[in-house]
Amino acid sequence: MTRNDEFHTDVLVVGSGPMGATTALALATYGVRVLVVNRYNWTANTPRAHITNQRAVEVLRDLGIEEETRRDATPWEWMGDTLFTTSLAGPEIARLRTWGTGDERVGDYLQGSPCGMLDLPQNKMEPILVKNAAERGAVFRFNTEYLGHTQDAQGVTVRLREVATGREYTVRARYLVGADGARSKVMEDAGLQLEGQLARAATAYVLFNADLTRYAAHRPSILYWIVTSNAAFGEIGLGLLRAITPWKQWIAGWGFDPSQGEPDFSPEEVKRKIRILVGDPDLAIDIETTSVWYVNQAHAPVYSSGRVFCGGDAVHRHPPSSGLGSNTCMQDAFNLAWKLAYVVKGYAGEGLLQTYTEERAPVGAQIVARANQSRVEYAPLNQCFRDPGAADPVAAGLAKLAEPGAEGVARRTALADALQLKNYEFNAQGVELNQRCTSSAVLPDPGAGEETFQRDPQLYLQATTRPGAKIPHAWLVGSDGRRISTLDVVGKGQFSLVTGVAGTAWVEAAQALNRPYLRTVVIGAPGAQDAYYSWHRQREIDEAGALLVRPDGVIAWRQPCAADNAAQAQSQLQAALAAL
Ligand code: FDA
């Protein structure tokens with residue numbers, strides 16, 4: 001206990017998954033003491049999450065590790081020629097360009113963010129997060145189990161157990177973060193409730209090695225859906241081959257009915273199924289691991305209790321469809337970490353921490369619903385692929401799909417519509433980037449009225465400078481002549497007062513206030529030149545207006561017009577900061 005008082009650490013985080021490791025990385029980056037415990041010897045031991053969406057990559061970019069994660073990842077352009085096929089070797093039925101890689105959508109994705117998507121399995125992502133967090137001062141204790149906690153007005157006393165020796169001891173922290181996943185004990189101990197249903201369906205997952213280059217490299221995708229009667233069951237009704245390390249390490253997945261017990265994981269049965277999915281009866285297969293996961297549909301309406309804050313799978317539990325889990329964990333962490341840092345540093349009162357639930361719980365509820373709906377939306381595809389009354393429903397259904405007559409035309413028309421519906425799982429840029437924060441850490445712009453979306457808010461990003469939205473991405477020219485994003489000139493633990501060359505009153509006001517956490521950004525000035533006039537088109541305020549952007553890139557306040565003078569600007573800015 002070197003720094004102030006009775007506390008061993010400012011924040012104790014239980015769990016080093018995407019939620020815990022990102023929280024630790026952000027807190028360490030902001031200079032806050034953080035201790036992370038994980039009951040296991042190391043990070044995730046299987047690939048699990050992989051699809052990393054643009055908003056999560058923006059978080060990684062702000063924390064300075066985007067390039068490092070990209071080095072190990074399957075590149076964006078290899079992610080998305082998603083097949084629906086009778087087997088990997090067999091006749092194809094349909095394809096969908098996914099994750100924004102298609103000609104129709106790639107422009108939207110490029111315009112929406114400086115970050116493309118990437119695909120990085122969780123067992124490669126977590127070590128990068130942990131390594132960087134540790135380098136920046138976060139302390140990790142593996143083989144350390146969280147047992148329980150009590151809290152009082154000043155802090156939290158956390159009971160831990162050293163797994164190797166069984167020794168129990170306590171740690172005193174100002175705040176406790178429950179990032180302990182879908183069986184969260186921290187959440188339970190804090191008295192937080194879940195709403196919804198757990199284990200409503202189940203999937204078998206097998207990690208295996210086999211060289212499938214000849215089937216995949218010419219039509220790269222991370223997901224291949226297999227339409228077959230004899231190796232695919234359950235709610236989705238399709239088998240899955242998922243590329244982990246293109247094109248030699250894979251996961252095979254298929255649904256099973258959990259009421260009938262565990263699936264048959266004998267090597268013979270597993271290899272038989274994989275060979276059916278691949279369509280190669282002689283395929284050499286090396287099985288690494290087998291596992292099951294259950295389909296949950298549950299979220300917590302409240303994420304915190306006093307000094308205890310939960311995030312990630314602890315508070316939103318849902319299937320991997322839409323790839324929202326780890327992505328949302330990282331964003332929970334990014335939302336929570338700066339708030340904890342500001343309270344620990346004395347920049348803000350504890351009321352700021354209440355806004356974590358207000359801002360993130362609606363997102364959790366939304367993604368739980370979206371991910372489960374994405375599973376349900378395989379039904380229209382299956383109707384095109386199957387004929388339920390037949391002895392072999394898939395063979396009969398696919399024969400009808402290929403018929404030249406009216407039945408075939410009707411099925412093909414239905415298939416075109418069913419594929420369009422899957423854009424809500426695979427090209428849902430709006431779900432990923434349109435989140436709006438509503439809380440006392442966002443001050444509404446009284447002149448703006450209700451926001452109306454011009455296009456489908458799930459599919460399309462609507463970039464805006466309305467308070468509560470993240471700052472729109474526009475390319476600027478930096479001091480060395482390279483392109484930088486508007487996202488690059490804000491964030492990194494600080495508030496940013498963003499104005500234009502004509503916004504001199506705001507610049508003077510910010511300088512006069514001289515807050516350690518507030519930087520001034522003049523877009524248009526050298527170092528942040530609006531050379532493409534892209535920001536000019538997107539800012540929705542006068543050049544002499546101003547935005548106050550939070551450390552997480554969310555716009556907290558906006559003034560559409562010039563201030564009359566520096567004194568007026570100063571009092572408005574001061575009032576905004578005080579309210580926040
Ligand atoms: P997570 O479960 O990852 O971590 C919990 C941590 O807490 C672990 O370190 C654990 O050891 C620790 N812990 C638990 N109890 C403890 C105790 N008592 N004491 C000490 N430590 C304790 N998401 C996504 O965004 N894109 C995707 O493509 C996919 N794909 C995907 C596929 C499959 C098959 C699965 C199962 C899941 C996904 N996901 C996903 C979801 C993603 O894996 C999931 O959302 C995150 O792992 C959740 O991260 P957390 O950090 O919340 O918990």
Side-chain angles (χ1 to χ4, degrees), residues 12-24 35-53 55-57 59 73-74 79 98-99 117-123 125-127 129-130 140-149 158-163 176-189 202-207 222-223 240 242-244 251-253 289 291-296 303 310-333 364 367-368 370-371 374 425-426 431-432:
L12 192 150
V13 178
V14 180
S16 63
M19 170 71 198
T22 310
T23 305
L35 167 66
V36 185
V37 298
N38 176 354
R39 57 145 69 106
Y40 297 116
N41 193 36
W42 185 226
T43 50
N45 60 354
T46 56
R48 298 175 67 192
H50 52 124
I51 297 148
T52 310
N53 70 31
R55 185 58 190 146
V57 183
V59 169
T74 299
M79 286 176 65
T98 53
W99 313 118
M117 281 202 180
L118 56 87
D119 191 83
L120 185 63
Q122 196 168 329
N123 55 345
M125 176 71 86
E126 285 184 19
L129 295 167
V130 168
F140 285 83
R141 280 189 206 162
F142 290 93
N143 299 305
T144 302
E145 187 179 7
Y146 160 87
L147 297 178
H149 74 266
V158 184
R159 208 151 45 81
L160 300 172
R161 187 171 75 92
E162 205 174 75
V163 172
L176 171 65
V177 175
D180 49 343
R183 293 194 181 93
S184 175
K185 177 161 166 49
V186 176
M187 185 198 169
E188 211 180 288
D189 293 346
T203 299
Y205 250 38
V206 178
L207 180 64
I222 47 165
L223 299 175
L240 174 65
R242 182 188 132 193
I244 301 296
I251 277 178
T289 56
S291 59
V292 296
W293 54 264
Y294 294 95
V295 177
N296 298 321
Y303 284 11
C310 290
D313 275 16
V315 286
H316 34 78
R317 303 182 191 177
H318 56 89
S321 308
S322 298
L324 293 167
S326 155
N327 287 302
T328 307
C329 298
M330 290 183 191
Q331 293 162 53
D332 286 349
I367 59 128
V368 167
R370 180 62 255 166
S374 291
E425 175 173 0
F426 295 121
V431 170
E432 294 161 4

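Both counts, for ligands and for their atoms, begin at 1 and track the order of listing.
Counting only distance, with no hydrogens or angles, the side chain of E126 and the backbone of A44 share a donor-acceptor pair below 3.5 Å. Of the possible donor and acceptor atoms, one in the side chain of T52 sits under 3.5 Å from a partner among the backbone N and O of H50. Judged by distance alone, with hydrogens and angles left aside, the side-chain atoms of K185 form no donor-acceptor pair with the main-chain N or O of G148 at under 3.5 Å. Counting only distance, with no hydrogens or angles, the side chain of D180 and the backbone of V14 share no donor-acceptor pair below 3.5 Å. Under the 3.5 Å distance criterion, the side-chain polar atoms of N53 are left unmatched by any main-chain donor or acceptor of N327.
Set against the non-hydrogen atoms of A179, the atoms of ligand 1 under 4.0 Å away are 5 (C), 6 (C), 7 (O). Those atoms of ligand 1 that come under 4.0 Å of a heavy atom in G181, given as number and element, are 2 (O), 5 (C), 53 (O). Heavy-atom contacts of G312 reach the following atoms of ligand 1: 52 (O) (cutoff under 4.0 Å). Listed by atom number, the atoms of ligand 1 under 4.0 Å from Y40 heavy atoms are 11 (O). Contact atoms of ligand 1 toward V14: 19 (N), 20 (C), 21 (N) (distance under 4.0 Å to a heavy atom of the residue). The T144 neighbourhood of ligand 1 comprises atoms 20 (C), with distances under 4.0 Å to a heavy atom of that residue.
The nearest heavy-atom contact from the protein to atom 26 (N) of ligand 1 is I51 O, 3.3 Å. For atom 9 (O) of ligand 1, the closest non-hydrogen atom of the protein is S16 N, 3.1 Å. The single protein non-hydrogen atom nearest to atom 23 (N) of ligand 1 is S326 N, 2.9 Å, given as residue, atom name and distance. Scanning the protein for heavy atoms near atom 39 (N) of ligand 1, the closest one is A49 CB, 3.6 Å. Protein heavy atom nearest atom 52 (O) of ligand 1, with residue, atom name and distance: D313 N, 2.8 Å. In terms of protein heavy-atom proximity, atom 13 (N) of ligand 1 is nearest to D180 CB, 3.9 Å. Scanning all protein heavy atoms for the shortest distance to atom 11 (O) of ligand 1 gives N38 OD1, 2.6 Å. Here the heavy atom of the protein found nearest to atom 22 (C) of ligand 1 is R39 CG, 3.8 Å.
Using a 4.0 Å cut-off between heavy atoms, T203 makes no contact with ligand 1 at all. By the criterion of a heavy-atom distance under 4.0 Å, the side chain of W293, and not its backbone, is placed next to ligand 1. Of the heavy atoms in L324, only backbone atoms (N, CA, C, O) come closer than 4.0 Å to ligand 1. With a heavy-atom cut-off of 4.0 Å, K185 does not touch ligand 1 at all. With a 4.0 Å heavy-atom cut-off, ligand 1 is reached by the side chain of Q122 but not by its N, CA, C or O.
In the model, D332 has no side-chain atom that pairs as donor or acceptor with a side-chain atom of Y303 under 3.5 Å.
Residue A182 has no nitrogen or oxygen atom sitting less than 3.5 Å from a nitrogen or oxygen atom of ligand 1, judged on distance alone. Ligand 1 has an N or O atom lying under 3.5 Å from an N or O atom of N327, backbone or side chain. At a 3.5 angstrom cut-off on N or O pairs, R242 does not count as close to ligand 1. Looking at ligand 1, you'll find an N or O of G325 within less than 3.5 Å of one of its N or O atoms. Of the polar atoms of P320, none of the N or O atoms is found under 3.5 Å from an N or O of ligand 1, judged by distance alone. Between Y146 and ligand 1, a contact under 3.5 Å exists for at least one N or O pair.
Of the candidates E145, R48, M19, R161, it is R48 that places a heavy atom closest to atom 2 (O) of ligand 1. Considering only non-hydrogen atoms, atom 50 (P) of ligand 1 lies nearest to C329 out of G178, S322, C329, C310.
Aromatic ring pairs are classed by plane angle as parallel below 30°, tilted from 30° to 60° and perpendicular above 60°; the pair W42 and F142 is tilted.
Note on ligand 1: D119 sits outside its first shell, no heavy atom being nearer than 4.0 Å.
Only one option out of T46, V206, L207 pairs with I251 in a side chain to side chain contact (heavy atoms under 4.5 Å, CB included); it is L207. Residue Y146 forms a side chain to side chain contact (heavy atoms under 4.5 Å, CB included) with just one option from D189, L12, N38, and that option is D189.
Between V37 and L160 there is a side-chain heavy-atom pair separated by less than 4.5 Å. Within the 4.5 Å cutoff, no side-chain heavy atoms of S291 are placed close to those of R48. Considering only heavy atoms from C-beta on, Y40 stays 4.5 Å or farther from N45 through its side chain. Put simply, the side chain of N296 does not reach to within 4.5 Å of the side chain of H318, judged on heavy atoms.
For Y294, the OH atom is densely surrounded, since the number of other residues' heavy atoms within 6.0 Å is greater than 12.
Taken to the nearest 0.5 Å, the CG atom of D119 stands 4.5 Å off from the CE atom of M79.
Salt-bridge annotation for E432 and R55: absent, with no side-chain N of the basic residue lying under 4.0 Å from a carboxylate O of the acidic one.
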